[in-house]
Every structure is written in structure tokens, then in C-alpha cells.
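Letters go in sequence order (proteins before strands), and every chain restarts at 1. This one's a predicted model, so the numbers in the text were calculated from it and none came from an experiment.
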Amino acid sequence: MTPRVRFAPSPTGYLHVGAARTALYNYLFARHSGGTFILRSDDTDEARGTDEFQEDILEHLRWLGLEWDEGLAIGGPLGSYRQSDRYDRYREVAQDLVERGSAYYSFATAEQLDAFKREAREAGASPAYDGSLEPPAAEVADRLAAGEKAVVRFKVPRPGATEFADVVRGDMRFDHAQVDDFIILRSNGTPTYHLASTVDDVDYDITHVIRGEDLLSSTPKHILLTQAMGGDPATYAHLSLLMGPDGKKLSKRHGDTAMAAYREAGYLPEAMNNYLALLGWNIGDDETIASLDEMIDRFELTTVSRNPAVFDPKKLEWMNGVYIREMNDDEFIAVTVPLVEDAVGRTLSDEDRARYALLVPLVKERTKLLPEVASQARFLFVDIDEYDEKAWSKVMAVDEGPIALDGAIAALENLDPWTTEAIDTALRAMLEERELSARKGFQPIRVAISGSMVSPPLFESLEILGRDEALARIRRARAALS
RNA sequence: GGCCCCGUCGUCUAGAGGCCUAGGACGCCGCCCUCUCAAGGCGGUAGCGUGGGUUCAAAUCCCAUCGGGGCUACCA
């Protein structure tokens, strides 16, 4: 049987990095094994789920390139992949379970349950609810008929235990004394996660459930339910959780967790995938950088780490730089021109674009996050008449400032041809002539043309700027000095 | 509290009794390159939570302990 896996987020929040990693592992496993990757919406929480979240999840999964074979938006042979469309099916299963004695209507109130658990705990017994607060079977029909509200609980076999082999955790055993008779149908008739998720996994022939470790202790419930339905339990693989720098479960208070935030910050999907894959899995051969295809080729669920992993933005950022440097210039231009236009406040003309293209090889290797290109390329497209305060005091308003600027004007005024090489030669000769160090002599020129002490390489920048504009800026700065 | 999971450099990890005076990557530090900033090259810093065992030999096996995390909802 070819593997069938699913990523089943509930739309109660934006796609966050931890969920994205779960999706990625499902995707890698499916592609590696020639299986099917299914995207489902576990949207049984009507109070918290929204269409906006749902859309965000789809959009960012697409952005990451984790294409699914069946499910949301594209459909598939098994009907709807949205649980809210399948309530009738879940009710049918619940009803069937009741009829067969695997589930029962429960009238116990929250207060009664609290008391039950408190007493059990005080008596040193297991606090798991076992249905002992329920009325005799004979009364149930009457109370239901009288309109009394009830939930449906699954009847956990007692005594007993559920054992299973988790692909990443190893052999697991849960004593039923620790497992509540859990609710499968709420009093309003809607299914809970446990029911809906399990029914879907059975109905859609899911072979491997790859999900977060937070669901590990719910697994006995899912296996028990599956068996009661007459299905074969899937193989389970529980991934450790992602942590914040403080070792606590990754959450908003640790900073950005929404994938959208990383996309906006200028991260590349390739870098995101690569980094996320490394959180709990290693490519092998001491390798750190790998394309999606390479990862698909090497991915094994059995080599996934059991340790929780701390999400480290620093390493992600470094990796993003690696991927940016690997982009070809055309790609880089395509994604960064809008960012530059944004910073400059106007649309780039064809001529602007041509000049930007010349600068790209220089800025590309200097950026880790896409939006950084704006500050590097900005000088090409705006007038420089304001200078960074520190730059002005440190390199301009000093003895060497005017000397260097005067020298540059003299050296460049009649330079022919206007090329990086010629500029290089002329300016270095000027250095010698005026007895300036490279640093003291070149920095004022840099500040004059860019307004800042940091810019792409000077000679290239001068060439791309053009003689007239370059000289105008140098003269303007010189004038401002006197 | 109960049940469950986890514990190798600050972080992600390699390591499945001798190959480990513990390897790689990020970070950090230094040097080189150099017109600034990057990139790149070279080098360095730093770790087997603790205590007992088992063994000729333990990061690797066992026990205990400590620490962290998850679950314990009519959330998922």
C-alpha cells in the first residue's frame, strides 16, 4: 500500500513555523515514499476557526512549495477535506458506536466531574473518568426524550492498555486507567477533534499520522476509536515540539511565529524549508544546505530526532543569505525591484532598471534579508543632499575630507573612459598625490555619493552612477563643507 | 499531583561500548583579504545535567536523581 499522509491544521490561527515544519515532514515523507500528501482542515472548533486563518494556511503552504495531492482547494476522490462539511458522517459514526456499546450518552455535569476527579485524586486513584456518574441505561432514553442535554462519550475498555510503536518515539504504552472516557460528540451535536480526526484518518485511508508531540498522549484515544470503528490504526510518528530561546513551547511571546511575518521580512521559502527540516532531522554527511529535492531523496522518518528543538532566527538568517547568493540575477531583480521602488517612492524606469541590474551582483552578496537591498541601492535613484550624521562628523568634517573631495573632482573631471578600472587607477593616483590612506581618501567620496559610510564598492558605484551625477554629488558635498 | 516524552558546545545536530584527547553547522572571538559593509579563507572559544553501577573499556548499557517539555477542555 502506498503511504497516505495528511497535514490537518485547524484554522484557529495563522500558519506558524511549527505547523509548517509538521507539514514539511509530511510532505518529505510522502514524496520520498511515492505516497500521497493530503491537506485537510480540522475545523471543528467553530468558535475559534476563521476563513481568514484557513486562507493564510493555504497561501503559505503554497508559498513554501509544499504542494498537496488531495485536499483543500483541489478536492479529491474522497469528498470534502473540510471537517465542517462532514458532521453527518461523524454523527453517524457516533450513533453507531453508541448502538454497539462502545460509546454512551453522558449527563454528568462539569461540577460532578470536578468532584469526581478531586475525590479520585485524594484517594490516590486515577483521575480518569470512567462513566460511573451516569444514570442506568434504562433512564437514558427517557432523559433524552425529555430534551435533556447530553454529550456522547467513548467508553474506554477497563482495565486495559493501548500499546503502539511510534516511529520516532519507540514503543509506547498507555494504561487505560489514565485515559478518560472522552467526549466524541458535544451536547450541541458537533464532533470533537478526536472523533472527526480519527474518522477522517480511517475514511481517507491515512497510513501514517505524522504530527506534533502534543498529540502523543491522545493517541490511545485515536487507536481505541479506530479499533471500535473496525479500522486499522495508522502508523504514528510524533514530532518533538519547537521551542523558544527560553526552552518553552514556541509562541507569540518569543517573537514572530507566523509564516507571513517571515515572508514579509524577506525570507526565501527555500531557506525556510531547509532550516525547518534541520530542526529535528539531519541531512547526513555533515551537510547543512540542501534543496527540497535533495531532502526528499534522503528523508527518513526513522532518523528524525526526539529532542525538542529551539527555533534560532540567527541560523535561519544566515541560511537565507546563502540562498540569496545562490539566486541568479534575474530572479533577484524580479523579487527586489518592488522593494527598491517602495524605498525610493517611485516606479523604476527602464533606465533605472538597467542601472540597478549593474549593481545587483554587488548588493546580492551583501544581503541576508531581501528588504536590505533598498538601503543599498537607494543612492542610485535619489538625490543625496543629506548625510548620515556620524558619517559627516567622522569622515567629512575632518582634515582629509575636503582634500579627498578636491582630489576626486580633479581626478575624475576629465577621466576617460568612465570605467571601474579607470576610476580605480585615477583615484589611487590621487591618494598618492595627496598623501592619503585608502580609508581616509575614499570614505569621503563614498559619503558624498551615497550619504553613508556603508555602500556597495566605491568604484563600481561611481561607474554606475555616471560621471555627471557622481561629480555633481561630490561637488555638492564639497560645497557643504566650506 | 498523575501519565507520557526529552536531556551531547549558547543553538541545531553527528555519535547506536573501543574509530571520541567528542565531528559538522549557526553564533561569538581573532587573523587574512580589503575603498566601507558584506562575502570568502584560516584559526579559536564552547558540550556528553548529576550520582552510582556493569565492563579491560561508556556520550553510548542499567539504576537513581535532577532539570525541561507535553497532556490532564463540550481546544486542537
> Starting at CG of A:Leu316 and ending at C1' of B:C26, how long is that distance when rounded to a whole Å?
Replying inline: 11 Å
>> Please report the distance, rounded to the nearest Å, between CG in A:Asp175 and P in B:C3.
In response: 10 Å
> Relative to the 5' end of RNA chain B, which residue comes earlier, A:Gln443 or A:Leu278, by the nucleotide with the nearest heavy atom?
Replying inline: A:Leu278
> Centres of the A:Tyr204 and A:Tyr81 rings: under 6.0 Å?
Replying inline: yes
> Once you round it to whole Å, what is the distance between P of B:U11 and CG of A:Leu250?
Replying inline: 15 Å
>> Please name the nucleotide paired to B:C37 by Watson-Crick or G-U wobble geometry with both distances under 3.5 Å, or report none.
In response: none
>> What contact category does A:Arg439 fall into here, base, sugar-phosphate, or nothing, at under 4.0 angstrom with non-hydrogen atoms?
In response: sugar-phosphate
> Would the A:Phe311 and A:Tyr275 ring centres measure less than 6.0 Å apart?
Replying inline: yes
> What integer distance in Å separates A:Leu462:CG from B:U36:P?
Replying inline: 15 Å
> Centroid-to-centroid, A:Phe7 to A:Trp68, below 6.0 Å?
Replying inline: no
> Has the side chain of A:Ser450 got a donor or acceptor atom that lies under 3.5 Å from a matching backbone atom of A:Phe379?
Replying inline: no
> Any donor-acceptor pair under 3.5 Å between the side chain of A:Ser187 and the base of B:C74?
Replying inline: yes
